[in-house]
Amino acid sequence: MSEALDLQGRHVVLGLSGGIACYKSAELVRELQRHGATVQVVMSEAAAQFITPVTMQALSNRPVFSSQWDARQHNNMAHIELSREADALLVAPASADFIAKLAQGRGDDLLSLLCLARPIDRLPLLLAPAMNREMWAHPATQRNAAQVVADGAMLLGPAAGDQACGEVGDGRMLEATELCEELVAHLQPKLLAGQRVLITAGPTFEAIDPVRGITNLSSGKMGFAIARAAAESGAEVTLVAGPVALTTPRHVRRIDVQSALQMHEAVMPLAGQHEVFVATAAVADWRVQGCSEHKLKKDGSGRVPNFEMIENPDILASVARLPKPPYCVGFAAESHDLAKHAREKRLRKGIPLIVGNLGPATFGQDHNALLLIDGQGERELPHAGKLALARELVREIAARLPKP
Ligand code: CTP
C-alpha cells in the first residue's frame, strides 16, 4: 500500500543502546528515510560493540554522536541541542540496562542524558525493548518498564519469537517496518481517541459447492486502510474481513469470515458496542440456495446446473436500523452516475454518510477517489493513495461524531 513520505519534514533522533538487535537499526534508518524523515543517530558505548558508528553515519548521512563530552556542538551541549529540532526520540534497541537507567532518571552517558533533558511535553520518547525473554520477564525489568511508561515514554513491543540466544519468547525487537509504522501512527492526531470503530472489508465468497463459489474483485485495501487510519487516530478497531490476502494493520482486532451470512452474524452482535460502523465490504447481494454438499460433476449430457439464488441480508441497513445504531458510514461502488446512485443509496440505507467511488476503477488498486455525501452536502476527495484518503475520511467522520 502506498504510504511513502508519511514522515516528510520530520526529524527523528534514533538512539541505540547495547544489544544484538542493533543490526535491525541499520535497516530502521533506511526505513525512516524512505518515509521522508531525516535521522540523527546517537549510540551508547555498548551499542558500538554491536554495530559501528561508521555504518550508522554512512546510512544516516550525518555524524553519529556517542559521548556527552563530544565537542562538535557549538555550545558543547549535545544532550540539549540534538533533541531541540526533533519530532521524536526513538530508542531502538532499548536494552534492559538502558530502561533501568531511564526508570531511575540517570544520565551518565549522552543517550540517557538526551532522554532526561528532552522537552517532555513536546518530544515523544518511544522505546523498542530488545532482550532475552528471561531479562524481559524479570520483575525488575517489568517494574522499570512500567515506571518509564508512567513517566511518559511509550513502549513499542517487544514481540515474541526466536531470539539470538536460541530461546523463544517475548523480548524480540519489532522489525524496522513495524517500528516505522508505530512511529507514523504515534504522530497522527488522536481524533478518534476513546471511540470504538467496526469495519467490514473485502469481498464475500458465496459457496456453490465445496470447491466453487461466487465472489467479486474487491481487494479489501480501502477497508484495511480505514482500519489502519482509525487505529492510528486512537480508536479501538474491529475489522470483519472477507477472504483477502492482506496483513492486519497493527493494533486492529480482525475477524475473518467467508460469506455474507457469516459477515452478518459477526457484525450484528458487535455493532451495538461500537460508536462508528464503516461498511466497505463488497457484500454479495445473493447466495446460492442449498449449497451442494459434494462437488458438482458434469454428467456428460452437456446440461449445466441450475442455481436457485436468494438475497443476502443487508448488513449496513440492518445495523442502521438498530434502536441505538453506531454512526454508520456506507460505501457505494458504482460504475456510472456515481453521485446520483450514492445519494439514493444513502437514503435507502438510512445512514448519515455515504462514500461513493467508481468500483471498476478502484477494485484492487492502491489509489482511489472518493465522493462524500451526507445530509448537508457533498465533498470530493480527489485521486490519492488509499491510506491518505482513509486518514481524510477518518477526519471527516471524527468531525461528525457527537462531542463527548
Ligand atoms: N452492504 C451491506 N450488506 C449487503 C450489501 C451491501 O452491508 N448485503 C453495504 C456495503 O458494504 C456498502 C453499501 O452497503 O457499504 C452499499 O453496497 P452496494 O453493494 O454498493 O449497494 P447495494 O445495496 O448492493 O445496491 P446496488 O445493488 O443497487 O448497487
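In each ligand, atom 1 is the first atom listed, and ligand 1 is the first ligand listed.
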Could you establish whether Ala317 and ligand 1 come within less than 4.0 Å of each other, counting only heavy atoms on the residue side?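 Contact check Ala317 vs ligand 1: negative.
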Option of least heavy-atom distance to [atom] (set: [options]):
| atom | options | value |
| --- | --- | --- |
| atom 28 (O) of ligand 1 | His264, Glu311, Arg348, His341 | Arg348 |
| atom 15 (O) of ligand 1 | Ala284, Ala279, Cys328, Ala333 | Ala279 |
| atom 11 (O) of ligand 1 | Ala281, Ser218, Gly223 | Ala281 |

Identify all side-chain donor-acceptor contacts of residues 321-334 below 3.5 Å with residues at least two apart in sequence or on another chain.
| unit_1 | atom_1 | unit_2 | atom_2 | d |
| --- | --- | --- | --- | --- |
| Glu334 | OE2 | Lys345 | NZ | 2.5 |

Which residue supplies the protein heavy atom nearest to [atom], what is that atom called, and how far is it?
| atom | value |
| --- | --- |
| atom 7 (O) of ligand 1 | Leu316 N, 2.8 Å |
| atom 4 (C) of ligand 1 | Val283 CB, 3.5 Å |
| atom 18 (P) of ligand 1 | Lys345 NZ, 3.5 Å |
| atom 1 (N) of ligand 1 | Lys349 NZ, 3.7 Å |
| atom 3 (N) of ligand 1 | Ile315 N, 3.0 Å |
| atom 12 (C) of ligand 1 | Phe331 O, 2.9 Å |

Between [X] and [Y], is there a side-chain N and carboxylate O pair less than 4.0 Å apart?
| X | Y | answer |
| --- | --- | --- |
| Asp256 | Arg254 | yes |
| Glu27 | Arg30 | no |
| Glu167 | Arg133 | yes |
| Arg391 | Asp6 | yes |

Which ligand 1 atoms does Asp285 reach within 4.0 Å, using its non-hydrogen atoms?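 Result: 24 (O), 27 (O).
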Gly330 neighbourhood, listing ligand 1 atoms whose heavy-atom distance to it stays under 4.0 Å: 15 (O)
Note: Pro313, heavy atoms under 4.0 Å from ligand 1, region reported as backbone
Apply the side chain to side chain donor-acceptor pair (under 3.5 Å) test between Lys221 and each candidate in Asn368, Thr362, Asp366, Thr280; give the one that qualifies.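 That would be Asp366.
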Distance only, no hydrogens: is a donor on one side chain within 3.5 Å (strictly under) of an acceptor on the other, for Glu181 and His35? no
Glu396 CD to Leu381 CG distance, which is reported to the nearest 0.5 Å: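 Output value for this atom pair is 6.5 Å.
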Of all the heavy-atom pairs spanning Glu311 and Trp286, show the shortest one and how long it is.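 Distance-wise, the nearest heavy atoms are CA-CD1, 3.9 Å.
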